[in-house]
Amino acid sequence: MRIAVYGTLRRGKPLHWYLEGAHFLGEDWITGYELYFDALPYAVRGSGNLKVEVYEVTDEIFEGINRMETNAGYRPVELSTKFGRAFLWEWPHGPRGEKVESGDFDDVDLEGW
């Protein structure tokens, strides 16, 4: 099973440990999403591009991440990446916080995290 992550689960970010044991496939840009940040990152459907990392994960890793994300209000959606179909957790409640124009979470200042 594949997942596409865009925020705090990416390499070098605070929650990347959830992906311990996952197989990194590479990076991709997903069209049709915009990135917002307000203490947490939010991928919202729109006209922008979103930088993601794609991983092959076990059912156990998927369930742990899915539980965390859905409990926080995100919704899993399946979409196409250059590595095949993958699940991404979008924010279904509309934009929240400031828009990250580049669509790349690396451009967010995480000072204080």
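In this text the structure is predicted, and so the values were computed from the model without any measurement. In this chain, numbering begins with 1 at the start of the sequence shown.
Interatomic distance, Tyr55 OH to Phe83 CZ, rounded to the nearest 0.5 Å: 11.0 Å. Rounding to the nearest 0.5 Å places CZ of Phe105 at 11.0 Å from CD of Glu53. Rounding to the nearest 0.5 Å places CG of Asn49 at 9.0 Å from CD1 of Ile30.
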Would Val44 and Tyr36 count as a side chain to side chain contact (heavy atoms under 4.5 Å, CB included) here? Give the steps.
CA-CA 8 Å; Val44 178; Tyr36 289 82; 4.0 Å; yes

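In terms of modelled atom types and a separation under 3.5 Å, the side chain of His93 and the main chain of Gly73 share a donor-acceptor contact.
In this structure the side chain of Phe37 never reaches within 4.5 angstrom of the side chain of Tyr42, judged on heavy atoms. Side-chain atoms of Ser47 and Glu34, non-hydrogen and from C-beta on, do get closer than 4.5 Å to each other. The side-chain heavy atoms of Thr8 and Pro41, taken from C-beta on, include a pair separated by under 4.5 Å.
Applying the salt bridge (charged side-chain N to carboxylate O under 4.0 Å, His left out) test to Asp107 and every residue at least two apart in sequence or in another chain returns nothing. Remark: Tyr74 engages no residue in a side chain to side chain donor-acceptor pair (under 3.5 Å) (not counting sequence neighbours). Residues passing the side chain to side chain contact (heavy atoms under 4.5 Å, CB included) test with Asp106 are Arg10, Lys13, Lys51, Asp104, sequence neighbours excluded. The salt bridge (charged side-chain N to carboxylate O under 4.0 Å, His left out) check on Arg96 picks up Asp38, with sequence neighbours excluded.
Every pair passing salt bridge (charged side-chain N to carboxylate O under 4.0 Å, His left out) that includes a residue from residues 55-69 is listed here, sequence neighbours excluded: Arg2-Glu56. Judged as a side chain to side chain donor-acceptor pair (under 3.5 Å), the pairs with a partner in residues 78-92 (not counting sequence neighbours) are, in order, Tyr33-Glu90, Arg45-Glu90, Asn66-Trp89, Arg75-Glu90, Ser80-Arg85.
Ala43 and Leu88 make their closest contact through CB-CD2, 4.5 Å (heavy atoms, listed as atom of the first residue, atom of the second, distance). Residue Ile61 comes nearest to Thr58 through the heavy atom pair N-OG1, 3.1 Å, listed as atom of the first residue, atom of the second, then distance.
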Tabulate below the donor-acceptor pairs under 3.5 Å that side-chain atoms of residues 16-26 make, not counting sequence neighbours, or state none.
{"unit_1": "His16", "atom_1": "ND1", "unit_2": "Leu9", "atom_2": "O", "d": "2.8"}

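Trp29 and Val77 sit in two unconnected hydrophobic clusters of ILVMFWY residues. Membership requires side-chain heavy atoms under 4.5 Å apart, directly or through other members.
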